[in-house]
Amino acid sequence: MGHRFNLGRRAGLLLPLSSVRGPRGGLGSYADAGAVARWLRTSGSTMWQHLPLNEVSPGQDSPYAASSSCALEPVYVDLDGVEDLGGEVTADEQRRLDADRQGDRVEFEAVRAIKRSALRRGWERFREREMRGGSSRARAFAAFREEHRDWLPDWALYRALHDRRLKSWRDWDPPLRDREPQALARAREELRDEIDALSYVQWIADEQWRRGRAEANSLGVKILGDLPFMVAEDSADVWGLQHLFRFDATVGVPPDAYSADGQDWGLPVPRWEAMRESGDPWLHARAMRAAELYDAFRVDHVVGIYRTYARPLDKSPPYFIPAQEREQKAQGERILALLGERAEVLAEDLGTVPDFVRESLADIGIPGTKVLRWEVDDGVPRDVLRFPAISLAVTGTHDTESLLTWWEGLSDHDRREQLKQPFLDRLKGDPRHYTDPTRRALLELLYASGSDAILTPINDALGWRDRLNTPGTVGLHNWTWRLPWRLGELETAPQVVAAARLLTHLAERYGRLR
C-alpha cells in the first residue's frame, strides 16, 4: 500500500491558518507555524490539521475552490519575512492591514491585494539585486523552479494569462485555449516577467512554509494536510491536462436523506482510465507535492475516487464511473496506493458511502473518519471505546455546526440516545443545556475512543457556537472566522489556558501524550 498510517496514538486540533492571528494581530502566516506548534503542545496536541493550503481561485474565500493542486496560497506569506521587502509596506497598505487586524473576520480580498502589490515590489528588487548578479539566492530560486518543473511553469503561465484576460480558459482565444505550441511559446515570451514574478512568490511561500513545518516537526507536532477531491474546471491543472478530463458532465453526489436531487458540484469529471494509461501524471504530481508539504494528509470525499458520480450536462440520467463495484474497488485502491507512496493518508468517508468502500479502506490500512455525533445506528450509539485503532475520530469537521449548537438543537429523543454513551450518562441537571460538564463529557468520549488519531475543531475545544463554514451558503460568514487573540496571547488568555489544561489532562489520561 505504501505509507500505512502509523503516527501512533495522538490528539490534535483542527485550526485553519486563516483562524490564527499572527503576532501583530493580522492573518496567520506560514512563518507562524512554529509558534502555533508551541501553543499546541501546551494543549497536549501533537497533530495540527489544516484546511487546504492550495492557491484559491480569484474571487473565492473557500480553500476548497483551488485554481491549482500544487501552488500555495500567497495570502499566507509573511511580508516581514520577505528579505527583498525588509518589512516595508506603503502607508496605504499599512492602513488597510490595520483595518483588517481590527476585524472579527478575515478580509481576504483586501489582504490578498496588499500582499500581491507588496510581493510584486519584492520581485522587482530581487530581479535587480539578485538575478542580475547570479547570487546564491538567485541560484536557490532557479533550483526551486527546476525541482517543481512538473507543475510550476504551466501554473505560472495559466495565472499570467488569467490575470490578463480575467475569464475562464475555456473562453480564451482558441490557440491558447487549445494549447497550440506556437501560441504557448509566444505567450511565455510576452509574459516572461509576470511568469517569473509568480514563480518568485511561490518560492517565497514554499520556503516560509518549509521552515515553519520543520520548526513544528522539531517540537513534535505533525502537520496533517487536506487534499481536495478535485480542482475547479477553471484551473491550471485542467487547462494543462485537458485530455484527462471530460466536459460533457460535472461531478456531484447522488440523492440522499439530505438532498432529494443530490448535489451538483460543477467540477470536471476525471478520465480515470485515460489517467492510468498515461501513467497518472496528475496524480503523481499531487502526491509528490502533498508529501512535500505535509506529514500526512486527508483525502477529501474518498468515495469519489472509488466511483465518481457524473451528472451529464444534457440532463440525461447520472451514472457512476466506473459502473461496476469490482472496477470501483480496484480503481479506488490503485489511486490511494499512488497517493500514499510518500506520505501517510487518511480518508474522509462521510456521507453516503457503500459498505465495500469502508471495507476496502480497512483492508488497505487507511483510517476512515468517525464523527462522534453521527455514530448512532437505529437510535443505538455504537461503542466508541471499541473503534478500530486505524481510524480518525472527531467531534466535528469544518462543515459541521459546533458541538454547542448541535446539542441544543437535538430533539429530546435524540438527546436521550446520546446520553446513553459513556461519560454523558453521568451528567446531572437539565440535559437540554450545553454546560461545561457537557463539553467535558463529549471531549472525554472522544479522547477515550479506540481510534489512534483524534481531532477537535478549535471551536469545539473552546466550547463556542462559532463555525467555520455553513455548506450550501455563500457569504463572508464562511471561512473567515478567526480567534480573538494574537498568537502570543494564547498562553495567557484564561479561557484558552483552561481549555488547554483540560485537553492535556485528557491526552495524558488516555495515552495520547507523546
Side-chain angles (χ1 to χ4, degrees), residues 1-10 12 47 49-50 52 69 222-230 251 253 270-309 320-371 374-375 382 384 386-394 397 449-455:
M1 171 60 212
H3 285 70
R4 287 179 177 266
F5 189 82
N6 61 4
L7 289 178
R9 193 165 171 84
R10 290 177 184 267
M47 280 196 306
Q49 184 188 7
H50 287 260
S69 62
K222 300 294 185 181
I223 302 295
L224 177 60
D226 201 339
L227 193 77
F229 165 64
M230 189 52 57
V251 170
V253 291
R271 296 183 182 272
W272 296 119
E273 191 59 26
M275 289 188 186
R276 185 187 66 79
E277 292 172 356
S278 64
D280 290 312
W282 184 62
L283 292 170
H284 278 292
R286 297 189 78 189
M288 288 180 65
R289 187 61 171 148
E292 287 177 358
L293 299 173
Y294 312 117
D295 298 302
F297 57 88
R298 188 192 80 140
V299 179
D300 183 47
H301 188 59
V302 76
V303 68
I305 286 175
Y306 283 83
R307 58 179 202 180
T308 303
Y309 192 65
F320 286 113
I321 305 173
Q324 302 301 319
E325 181 177 310
R326 189 167 131 192
E327 287 77 19
Q328 292 168 0
K329 182 175 184 290
Q331 173 175 285
E333 292 183 359
R334 177 184 72 81
I335 294 173
L336 287 171
L338 192 157
L339 293 176
E341 283 179 346
R342 293 176 176 83
E344 298 179 42
V345 172
L346 300 86
E348 187 272 286
D349 57 342
L350 306 176
T352 303
V353 178
D355 290 341
F356 83 86
V357 170
R358 292 199 170 100
E359 291 166 3
S360 168
L361 293 172
D363 288 343
I364 60 180
I366 290 184
T369 304
K370 297 185 176 295
V371 182
W374 296 339
E375 288 296 318
R382 295 181 185 146
V384 302
R386 296 186 184 275
F387 279 172
I390 300 179
S391 64
L392 168 69
V394 301
T397 73
S449 73
S451 303
D452 269 354
I454 63 163
L455 286 164

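Along the sequence shown, residues are numbered consecutively beginning with 1.
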From CA spacing to verdict: side chain to side chain contact (heavy atoms under 4.5 Å, CB included), Tyr309, Val251: CA-CA 6 Å; Tyr309 192 65; Val251 170; 5.9 Å; no
Test log, rule side chain to side chain contact (heavy atoms under 4.5 Å, CB included), inputs Glu359 and Leu361: CA-CA 6 Å; Glu359 291 166 3; Leu361 293 172; over 6 Å; no
Stepwise side chain to side chain contact (heavy atoms under 4.5 Å, CB included) test for Val253 and His301: CA-CA 10 Å; Val253 291; His301 188 59; 3.6 Å; yes
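For the pair Glu348 (side chain) and Leu350 (backbone), a donor-acceptor distance under 3.5 Å is present. At distances below 3.5 Å, not a single donor-acceptor pair connects side-chain atoms of Asp452 with backbone N or O atoms of Gly8. No donor-acceptor pair closer than 3.5 Å links the side chain of Arg289 to the backbone N or O of Ser69.
Atom-to-atom distance recorded for His284:NE2 and Arg342:CZ is 8.0 Å, nearest 0.5 angstrom. Remark: Ile366 CD1 to Leu392 CG distance equals 13.0 Å, nearest 0.5 Å. A distance of 7.5 Å separates NZ in Lys370 from CG in Asp349, rounded to the nearest 0.5 Å. To the nearest 0.5 Å, atoms CD1 (Ile305) and CZ (Arg334) are separated by 10.5 Å. If you take CZ on Arg10 and CD1 on Ile454, they are separated by 12.5 Å, rounding to the nearest 0.5 Å. Of the inter-residue distances, the one linking His50 atom NE2 with Leu224 atom CG reads 8.5 Å to the nearest 0.5 angstrom.
Judged as a salt bridge (charged side-chain N to carboxylate O under 4.0 Å, His left out), and not counting sequence neighbours, the contacts of Glu273 are Arg276. Scored by the ring pair (Phe, Tyr, Trp, His ring centres under 6.0 Å) test, Phe356 finds no partners at all (sequence neighbours excluded). Partners of Ser360 by side-chain hydrogen bond (donor to acceptor under 3.5 Å, both in side chains), not counting sequence neighbours, listed by chain and number: Tyr306, Glu333. Partners of Arg326 according to the salt bridge (charged side-chain N to carboxylate O under 4.0 Å, His left out) rule, which considers only residues two or more places apart in sequence or in another chain, do not exist here. By the ring pair (Phe, Tyr, Trp, His ring centres under 6.0 Å) test, Tyr294 pairs with no residue at all, sequence neighbours left out. With sequence neighbours excluded, no residue satisfies ring pair (Phe, Tyr, Trp, His ring centres under 6.0 Å) with Phe387.
No side-chain heavy atom of Pro354 sits under 4.5 Å from any side-chain heavy atom of Gln328. Side-chain contact check for Val302 versus Leu336: some heavy-atom pair is nearer than 4.5 Å. At a threshold of 4.5 Å between non-hydrogen side-chain atoms, the residues Ile335 and Asp280 do not count as touching.
Using a 30° and 60° split on the angle between ring planes, Trp272 and Trp282 fall in the tilted class, from 30° to 60°.
Just one residue in the list Thr369, Thr397, Asp226 forms a side chain to side chain donor-acceptor pair (under 3.5 Å) with Arg298, and that residue is Asp226.
For the residue pair Leu339 and Leu283, the shortest heavy atom distance occurs at CD2-O, 4.2 Å.
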